[in-house]
Amino acid sequence: MSRQPSVKRAAGGHSVPVEAQIGPLTLVKEQATERADLETALARIPEAEAFLDRQLKRIDPFFPLRPPARVLDVGAAQGVTLTAMAKRGFQAVGVEPWAPAIEVSHQLAHACGVQLDIRPGVAESLPFEDESVDFVNAYSVLEHVDDPDLALREAFRVLRRPGAFLFSTVSAISPFQAEIASFPLFPWYPPPLQRRIMTWATEKRPALVGNTTRPAIHWFKHREVRSSLHEAGFAEVVDRWQLRRGERDGALGRVIDLAGSNRAVRLAGDVAASGMEYLAVKH
């Protein structure tokens, strides 16, 4: 996974988790996730629970995850995802760089009657012991970190055997994205131009990037991501098409199933679908 030079950024800020979809996704977040208040966080719980149920079903053929497994959410914000996990019986821990979001997580845990352990920190230096969690979740995080490869190695380090790392991030081969408004085909721009635009938008037009102070600065290619995961130590890597196999009926379902085994169809799907999603298993 190639690194791009860092740009001037303040601590805190990541994208709203958006489920990967088949087809264009051009909706840009109105507000960075970590800036949500308690009322907004509470309103997101039902959606988070429904999304968690879908994800557990998707990963089950490759890594059955059952309570009371210890799950770690990287970029936990107010703990909405972790609250959904805790309500299902999982031990919920997280890491979040923005202190106000952690404070809201305390209020959210109290309101929902669950226990959350969200610690200050970043993906490149997780404040957890080696082999201390069963599952790591990182949705819309890697594009914002300074060192994506180090973040992958940290996820591997804290996972027990067997353990799994589920993440989504932005794609360099799809023209569709939800990181910045008013810039069509932004993932296809040259990386130096992407960084300049993101820096400008953060400082001069923050509404274009959801008012985050830490915008996306990395755009990834599938082959490089797979290679980096294997280099980090993960033995098995499963892509979004394998995760969704058998999930849909009709023509769309047949196309998704075919993408799991046919390289040409997978490539077409990767171009058409915004972002990427992977499950990496540590055996």
Side-chain angles (χ1 to χ4, degrees), residues 1 15-27 44 46-66 69 71 73-75 80-81 84-85 88 90 134-143 152 155 162-179 187 219-230 234-283:
M1 187 184 301
S15 306
V16 170
V18 180
E19 180 177 3
Q21 298 181 6
I22 308 302
L25 175 61
T26 56
L27 176 66
R44 289 174 177 167
E47 181 182 358
E49 291 183 292
F51 183 64
L52 173 62
D53 290 340
R54 290 196 298 274
Q55 292 297 71
L56 290 175
K57 184 177 180 179
R58 287 169 180 168
I59 71 173
D60 194 67
F62 311 97
F63 184 77
L65 185 63
R66 303 286 188 272
V71 296
D73 191 26
V74 181
V80 172
T81 296
M85 290 177 167
R88 295 291 187 272
F90 293 102
D134 301 292
F135 184 77
V136 176
N137 181 73
Y139 256 61
S140 299
V141 171
L142 292 179
E143 62 268 30
L152 298 186
F165 175 36
L166 179 67
F167 68 94
S168 74
T169 189
V170 295
S171 169
I173 73 168
S174 173
F176 309 112
Q177 53 88 31
E179 296 300 323
W219 302 80
F220 302 104
K221 297 179 180 178
H222 291 268
R223 181 177 297 180
E224 293 175 352
V225 169
R226 286 179 171 273
S227 177
S228 293
L229 286 167
H230 287 305
F234 291 101
E236 182 181 4
V237 177
V238 182
D239 66 19
R240 62 150 37 116
W241 309 113
Q242 295 167 288
L243 290 170
R244 285 162 173 73
R245 185 175 295 168
E247 190 174 81
R248 299 284 190 97
D249 296 324
L252 180 57
R254 290 193 292 272
V255 171
I256 294 174
D257 292 348
L258 186 59
S261 57
N262 184 287
R263 292 182 62 183
V265 177
R266 182 188 300 116
L267 176 60
D270 287 339
V271 172
S274 65
M276 61 177 67
E277 182 181 29
Y278 284 97
L279 176 74
V281 182
K282 177 180 179 179
H283 292 301

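It should be emphasised that the depicted structure is a prediction, and the values quoted were computed from it without experimental measurement.
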**Prompt:** Between Asp257 (side chain) and Arg245 (backbone), is there a donor-acceptor pair under 3.5 Å?
**Reply:** no
**Prompt:** Closest heavy-atom contact between Gly260 and Gln242?
**Reply:** O-CG, 4.2 Å
**Asked** Does Lys282 pair with Asp134 as a salt bridge, N-O distance under 4.0 Å?
**Response** no
**Lys57 NZ to Glu247 CD distance, which is reported to the nearest 0.5 Å** = 7.0 Å
**Prompt:** What's the shortest heavy-atom distance between Ala280 and Leu229, and which atoms?
**Reply:** CB-CD2, 3.9 Å
**Prompt:** Just wondering, do Val225 and Val237 contact through their side chains at under 4.5 Å, heavy atoms?
**Reply:** no
**Main-chain N/O of Gly275 paired to Ser171 side chain as donor or acceptor, under 3.5 Å** = no
**Asked** For Phe51 and Thr81, what are the C-alpha separation, side-chain angles and deciding distance, and is it a side chain to side chain contact (heavy atoms under 4.5 Å, CB included)?
**Response** CA-CA 9 Å; Phe51 183 64; Thr81 296; over 6 Å; no
**Message:** I need the single residue from Arg244, Arg266, Met276 that forms a side chain to side chain contact (heavy atoms under 4.5 Å, CB included) with Asp239. Which is it?
**Reply:** Arg266
**Asked** Is Leu152 close to Phe165 at the side-chain level, that is, under 4.5 Å between some pair of heavy atoms?
**Response** yes
**Request:** Provide the closest heavy-atom pair for Val271 versus Pro175 in the form atom of the first, atom of the second, distance.
**Result:** O-CD, 3.3 Å
**Message:** Rounded to the nearest 0.5 Å, what separates atom CG in Leu243 from atom CD1 in Ile256?
**Reply:** 11.5 Å
**Item:** Partners meeting side-chain hydrogen bond (donor to acceptor under 3.5 Å, both in side chains) with Arg88 (sequence neighbours left out)
**Value:** Glu49, Asp53
**Note, Trp241 side chain near Val265 side chain (heavy atom, < 4.5 Å)** = no
**Complete:** Closest heavy-atom pair, Arg240 versus Ser274, reported as atoms and distance to 0.1 Å, is NH2-O, 3.0 Å
**Derivation of the side chain to side chain contact (heavy atoms under 4.5 Å, CB included) call for Val71 and Asn137** = CA-CA 8 Å; Val71 296; Asn137 181 73; over 6 Å; no
**Request:** Please round to the nearest 0.5 Å and tell me the distance separating atom CD of Gln177 and atom CH2 of Trp219.
**Result:** 4.5 Å
**Audit row: Asp60, Arg66, salt bridge (Lys or Arg N to Asp or Glu O under 4.0 Å) steps and yes/no** = CA-CA 9 Å; Asp60 194 67; Arg66 303 286 188 272; 2.8 Å; yes
**Request:** Over all heavy atoms of both residues, which pair between His222 and Tyr278 is shortest? Give the atoms and the distance, please.
**Result:** ND1-OH, 2.7 Å
**Asked** Are the side chain of Ser228 and the backbone of Glu224 linked by a donor-acceptor contact shorter than 3.5 Å?
**Response** yes
**Request:** Flag the pair Thr169 / Val141 as yes when at least one side-chain heavy-atom distance between them is below 4.5 Å, and no otherwise.
**Result:** no
**Prompt:** Going by atom types alone, do Arg58 and Gln55 pair a side-chain donor with an acceptor below 3.5 Å?
**Reply:** yes
**Message:** Show, in sequence, the C-alpha distance, side-chain angles and deciding distance for Leu166 and Phe63, and conclude whether the side chain to side chain contact (heavy atoms under 4.5 Å, CB included) test is met.
**Reply:** CA-CA 10 Å; Leu166 179 67; Phe63 184 77; over 6 Å; no
**Prompt:** Got a second to check how far Leu279's CG is from Phe135's CZ, nearest 0.5 Å?
**Reply:** 6.5 Å
